[in-house]
> 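For reference, the structure I am asking about is given below.
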Amino acid sequence: MRNLVLVLGDQLSFSSPALEGFDPALDRVLMIEAKGEAKAVWSHKARIAIFLSAMRHFANGVAARGWPFDYVQLDDPAPPAFDERLRQAIRRHQPQTLRVVEPGEWGMLESLRHVCIKEKCALQLVDDTHFMCSRHEFARWAKGKKELRLEFFYRVMRRQYRVLMDGTEPVGGQWNFDADNRSAYPKRTGPGDIPPPAWFEPDAVTREVLALVERHFPDHPGRLDQFGWPVNREQALHALEVFIAHRLAQFGTYQDAMWTDTPVGWHSLLSAALNLHLLDPREVIAKAEMAYQKGRVSLESAEGFIRQILGWREFIRGMYWLDMPGLKAANHFGHQRALPRWFWTGHTQMACMADSLKQTLALGYAHHIQRLMVIGNFATLAELSPQQVADWFLAIYVDAIEWVELPNTAGMALHACGSRFTSKPYVASGAYIGRQSNYCGGCRYNPAQRTGKEACPFTTLYWHFIARHEKTFAANPRTALMVKNLQKLDDADRAGIAKRAAQILKELESL
């Protein structure tokens with residue numbers, strides 16, 4: 001055998017460069033399901049299911065092409081660990097080369113190298129051309145820069161790919177419409193009727209996977225009764241069409257809005273399909289840009305959506321590979337508190353956290369403001385261990401792969417990397433959540449109170465956090481206003497906040 005082509009579970013595209021030049025007479029495809037991958041973190045059942053179902057659908061496509069392939073299933077009599085299963089496959093086929101697209105996880109890359117060295121098999125790592133900026137191109141862009149910021153990288157990518165450009169200048173005269181993308185739903189009427197996203201009835205392959213997951217991982221968090229994620233190329237393309245036609249128009253306006261029992265709002269739900277490579281980012285960007293050019297959506301909505309894909313998605317992947325493996329240990333504030341158990345149940349009296357966590361457990365999904373400004377915000381203010389929080393985010397969301405999850409969680413949500421690539425911590429009091437949602441109206445805590453038993457934990461801990469870092473934040477133009485507002489409080493207020501914060505932090509499990 002010339003090449004044993006390993007297709008990883010998040011690289012499910014027949015445009016994969018690892019399959020370029022595939023010769024059925026000389027090469028073979030290898031795919032591996034492994035229990036160890038689902039147990040490395042205590043993965044949500046839906047996260048396990050989407051990977052396994054998408055992999056099996058892709059394997060059916062390989063079979064339809066008549067290509068020789070090995071598919072190692074979860075139930076196969078082999079050691080549960082991925083590297084042991086890979087080692088057995090190499091011994092079975094004795095290929096000249098193990099060919100694989102560079103993985104999306106540093107640990108997997110190290111595992112592949114270790115196995116190939118031990119088995120004396122050549123390892124050919126192929127650049128992942130799914131992404132629009134290679135690891136090497138990003139490293140060149142970052143070299144020598146004192147500040148690594150999305151905005152400057154995003155402008156480079158816009159110019160390079162000529163997206164929403166008018167010659168050398170951005171369409172509309174500005175690069176970023178973020179300030180226009182922060183509206184809350186109207187308080188009197190709420191979200192109103194939102195066209196539903198594409199949702200797919202499980203087919204025979206997916207039903208078999210759902211049963212398999214329930215059998216092998218019965219104690220894992222989450223539910224499968226609402227599973228409807230796209231698991232093949234055709235479904236992913238349909239999901240994209242539905243979003244562009246019916247949901248993109250209001251995405252920009254309400255992407256930061258939250259409302260009880262409105263788990264997806266106007267969001268695309270395309271991140272899982274993108275991260276599995278069922279969709280190519282170029283085609284997603286092109287569809288959004290065309291919708292603007294044809295007058296179907298505003299520039300603000302199109303740009304806000306494109307920025308997430310061409311900008312943030314590519315930027316965050318570049319930062320992951322630039323900073324690994326140290327990124328996993330990042331802890332700028334030195335936070336060490338254990339993750340409360342109710343993160344796995346949603347049983348908390350804080351209405352915003354309860355709603356965000358319960359929908360996460362039901363669907364394996366929460367949109368970016370729920371992740372950043374509710375869950376991540378609380379984790380920072382409550383001084384939770386970045387490592388425990390990052391493991392939870394990796395375990396619980398269907399679109400979580402380490403290259404995207406870890407820098408988003410550690411670097412953005414928790415500011416565990418300091419100012420490495422974000423200029424300030426994303427923290428806010430209960431007042432922010434009150435503005436962006438209806439959560440506070442039905443909560444037993446009051447976001448306007450800083451002290452006392454009715455005080456919102458977000459509010460108390462916010463002021464406590466600013467006080468703890470007062471000197472540092474005063475010197476940062478992005479956080480100086482927070483400190484000025486803190487300094488308006490008298491000594492009695494500050495003492496009351498410190499006392500209430502200490503009580504909250506001591507009793508996290510009972511919030």
Side-chain angles (χ1 to χ4, degrees), residues 41-42 316 319-320 323-344 348 350 352-353 356-357 360 366 368-397 400 402 404-430 432-433 450 455-476 478-479 482-483 486 494 497-511:
V41 288
W42 197 35
I316 213 71
M319 289 306 312
Y320 174 81
D323 285 0
M324 283 296 285
L327 187 59
K328 288 184 74 73
N331 195 347
H332 175 72
F333 294 120
H335 291 167
Q336 298 292 343
R337 296 184 189 278
L339 193 77
R341 287 187 292 271
W342 44 260
F343 264 68
W344 300 103
T348 170
M350 292 179 287
C352 59
M353 287 292 286
S356 299
L357 292 175
T360 291
H368 69 263
I369 292 300
Q370 292 172 311
R371 299 190 202 192
L372 176 66
M373 296 307 300
V374 178
I375 300 169
N377 183 18
F378 178 83
T380 303
L381 297 177
E383 304 171 3
L384 304 185
S385 158
Q387 286 67 44
Q388 290 191 30
V389 178
D391 281 351
W392 181 85
F393 270 90
L394 182 61
I396 211 72
Y397 290 115
E402 194 177 74
V404 66
E405 175 278 324
L406 183 57
N408 264 314
T409 305
M412 189 176 189
L414 306 178
H415 204 67
C417 305
S419 59
R420 172 69 169 155
F421 57 92
T422 54
S423 59
K424 68 179 181 67
Y426 282 86
V427 292
S429 71
Y432 170 85
I433 296 171
R450 296 186 289 263
C456 171
F458 280 85
T459 300
T460 303
L461 294 179
Y462 169 79
W463 291 109
H464 174 68
F465 183 76
I466 302 305
R468 280 193 63 202
H469 303 285
E470 184 172 355
K471 184 176 180 180
T472 302
F473 290 173
N476 181 348
R478 298 292 307 278
T479 52
M482 298 176 179
V483 174
L486 172 72
R494 294 179 69 146
I497 289 168
K499 181 179 179 181
R500 177 58 181 154
Q503 184 180 18
I504 290 172
L505 294 171
K506 184 179 178 180
E507 300 172 356
L508 286 177
E509 288 289 352
S510 62
L511 290 178

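Along the sequence shown, the residues carry numbers beginning at 1.
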> To the nearest 0.5 angstrom, please state how far the CG atom of L461 sits from the CD1 atom of I497.
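It is 10.5 Å, given to the nearest 0.5 Å.
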> State, to 0.1 Å, how close T479 and P425 come at their nearest heavy-atom pair, and which atoms those are.
CG2-CD, 4.1 Å
> With no hydrogens and no angle check, just 3.5 Å: does a side-chain donor-acceptor pair link R500 and T460?
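No.
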> Roughly how far, to the nearest 0.5 Å, is CD of E509 from OG1 of T348?
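That separation rounds to 10.0 Å.
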> Let me confirm one number: the NE2-CD1 distance from H464 to I504, rounded to the nearest 0.5 Å.
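Answer for the NE2-CD1 pair, H464 versus I504, is 9.5 Å.
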> Taking all non-hydrogen atoms of both residues into account, name the closest pair between A379 and L414 and its distance.
CB-CD2, 3.7 Å
> For the residue pair I396 and W344, establish whether any side-chain heavy-atom pair is separated by less than 4.5 Å.
yes
> Which heavy atom in A330 sits nearest to a heavy atom in C417, and how many Å separate them?
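Scanning both residues, the minimum pair turns out to be CB-SG, 4.0 Å.
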> Rounded to the nearest 0.5 Å, what separation is found between the CZ atom of R341 and the CG atom of L508?
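Separation between the atoms: 11.0 Å.
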> Any side-chain heavy-atom pair from Q387 and N331 closer than 4.5 angstrom?
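In short, these two side chains touch, coming nearer than 4.5 Å.
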> Can you label the angle between the F333 ring and the H469 ring as parallel, tilted or perpendicular, going by 30° and 60°?
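Correct class here is tilted.
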> What distance do C352 atom SG and M373 atom CE have between them, rounded to the nearest 0.5 Å?
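Rounded to the nearest 0.5 Å, the SG-CE separation comes out at 11.0 Å.
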> Go through the steps for H368 and N408 under the test side chain to side chain contact (heavy atoms under 4.5 Å, CB included), then give the verdict.
CA-CA 10 Å; H368 69 263; N408 264 314; over 6 Å; no
> Keeping the roles fixed (side chain from N377, backbone from A428), state whether a donor-acceptor pair exists under 3.5 Å.
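Present.
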> Can you tell if the side chain of L339 reaches within under 4.5 Å of the side chain of V389, non-hydrogen atoms only?
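Yes, side chains in contact.
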> Looking at every heavy atom in both L384 and H335, which two are closest together, and how far apart are they?
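Taking every non-hydrogen atom into account, O-CB, 3.4 Å.
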> Is the backbone N or O of G411 less than 3.5 Å from a side-chain atom of T422, with the two atoms forming a donor-acceptor pair by type?
yes
> How would you list, by chain and number, every residue that makes a side-chain contact (heavy atoms from CB on, under 4.5 Å) with E470, sequence neighbours excluded?
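Scan of E470 (side-chain contact (heavy atoms from CB on, under 4.5 Å), adjacent residues dropped) gives V483, L486, Q487, R494.
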> Calculate, to the nearest 0.5 Å, the distance between atoms CZ and CG belonging to F378 and L511 respectively.
5.0 Å
> Between T360 and A366, which heavy-atom pair has the shortest distance, and what is it?
OG1-CB, 3.5 Å
> With sequence neighbours left out, what residues match Q370 under side chain to side chain donor-acceptor pair (under 3.5 Å)?
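Side chain to side chain donor-acceptor pair (under 3.5 Å) check on Q370 returns Q359, Y439.
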> Among D391, I316, L327, find the one that has a side-chain contact (heavy atoms from CB on, under 4.5 Å) with L406.
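That would be L327.
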> Once salt bridge (Lys or Arg N to Asp or Glu O under 4.0 Å) is applied, what residue pairs with a partner in residues 327-338 remain, sequence neighbours excluded?
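Qualifying pairs, neighbours excluded: K328-E402, R337-E383.
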> Sequence neighbours excluded, which residues qualify as ring-ring contact (aromatic ring centres under 6.0 Å, His included) partners of H332?
H415
> Less than 4.5 Å apart, any side-chain heavy atom of T409 and any of P386?
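Result no, sub-4.5 Å side-chain heavy-atom pair not found.
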> When the ring centroid of Y426 is compared with that of Y432, is the distance short of 6.0 Å?
no
> Taking all non-hydrogen atoms of both residues into account, name the closest pair between F421 and P407 and its distance.
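Between these two residues, the closest heavy atoms are CZ-O, 3.6 Å.
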> S419: what forms a side chain to side chain donor-acceptor pair (under 3.5 Å) with it, not counting sequence neighbours?
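Per chain and number, S419 pairs via side chain to side chain donor-acceptor pair (under 3.5 Å) with no residue.
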> Please determine whether the number of non-hydrogen atoms from other residues, nucleotides or ligands lying under 6.0 Å from atom NZ of K424 exceeds 12.
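Yes, enclosed.
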> Partners of T459 by side chain to side chain donor-acceptor pair (under 3.5 Å), sequence neighbours excluded?
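Partners of T459 under the side chain to side chain donor-acceptor pair (under 3.5 Å) test: none.
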> Hey, are the side chains of F343 and I375 touching, using non-hydrogen atoms and a 4.5 Å cut-off?
yes
